[in-house]
Amino acid sequence: MLSGGVIDRLEIPRVGELPITLGDGSEVYVSLYLAIVVWHGEKRIVQALRTDSNSLVGMSLLFGNRLILDVVTDGEVSIEILP
């Protein structure tokens, strides 16, 4: 998920809408974008959903990596490729 501000600033192309189910069971449609990210030195095309809050990294991008979080305000985050 990417914030609307990031999507607008980077002019990421919108490719459609996607229905998602919220925690309360209701269904909403969100805008779907295709973005290019550099991940571990390689370019990857990823799908991104527009959000009005903070950006999030999905589990499919994190697969095969070690994620370490300091779960405090402004805590350190590290991501490294698993051997």
Side-chain angles (χ1 to χ4, degrees):
M1 297 186 91
L2 289 174
S3 70
V6 169
I7 288 171
D8 295 342
R9 190 168 47 257
L10 297 176
E11 300 179 352
I12 298 172
R14 183 178 180 274
V15 295
E17 287 189 335
L18 184 69
I20 62 170
T21 304
L22 301 178
D24 65 1
S26 62
E27 188 174 90
V28 296
Y29 284 83
V30 295
S31 295
L32 178 66
Y33 296 79
L34 284 184
I36 298 173
V37 298
V38 177
W39 189 251
H40 299 305
E42 295 182 23
K43 287 184 181 179
R44 292 180 62 171
I45 297 174
V46 297
Q47 295 179 343
L49 303 177
R50 186 180 190 103
T51 180
D52 292 331
S53 64
N54 295 327
S55 299
L56 299 171
V57 174
M59 292 304 294
S60 60
L61 193 61
L62 290 171
F63 185 81
N65 291 269
R66 174 175 290 120
L67 172 65
I68 301 171
L69 305 170
D70 291 341
V71 186
V72 296
T73 302
D74 297 325
E76 187 173 328
V77 176
S78 66
I79 301 169
E80 58 188 56
I81 299 173
L82 289 172

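Residues take their numbers from the sequence shown, with the count starting at 1.
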Whether Asn65 side chain and Phe63 backbone form a donor-acceptor pair below 3.5 Å: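 Side chain of Asn65 to backbone of Phe63, a donor-acceptor pair under 3.5 Å: yes, one is there.
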Going by salt bridge (Lys or Arg N to Asp or Glu O under 4.0 Å), name the pairs with one or both residues in residues 14-38, residues two or more places apart or in two chains. Arg14-Glu17
Determine the minimum heavy-atom distance between Ser53 and Ser3, stating which atoms define it. O-CB, 3.4 Å
In the hydrophobic clustering that connects Ile, Leu, Val, Met, Phe, Trp and Tyr at side-chain heavy-atom distances below 4.5 Å, which members other than Leu22 occupy its cluster, ordered by chain and number?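 Besides Leu22, the cluster holds Met1, Val15, Leu18, Ile20, Val28, Val30, Leu32, Leu34, Ile36, Ile45, Leu49, Leu56.
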Determine whether [X] and [Y] fall in the same hydrophobic cluster, where Ile, Leu, Val, Met, Phe, Trp and Tyr are linked whenever their side-chain heavy atoms lie under 4.5 Å apart.
| X | Y | answer |
| --- | --- | --- |
| Val71 | Ile68 | no |
| Val77 | Val37 | yes |
| Ile79 | Leu61 | yes |

Find out whether Trp39 and Leu62 are in side-chain contact, i.e. whether some heavy atom of one side chain is under 4.5 Å from a heavy atom of the other.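 Touching, per the 4.5 Å side-chain cut-off.
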Nearest 0.5 Å, what's the OH-CD1 distance between Tyr33 and Ile12? 8.5 Å
Nearest 0.5 Å, what's the CD-OG distance between Gln47 and Ser60? 8.5 Å
Can you pull out every side chain to side chain donor-acceptor pair (under 3.5 Å) where at least one residue sits in residues 67-82? Sequence neighbours excluded, please. Arg66-Glu80
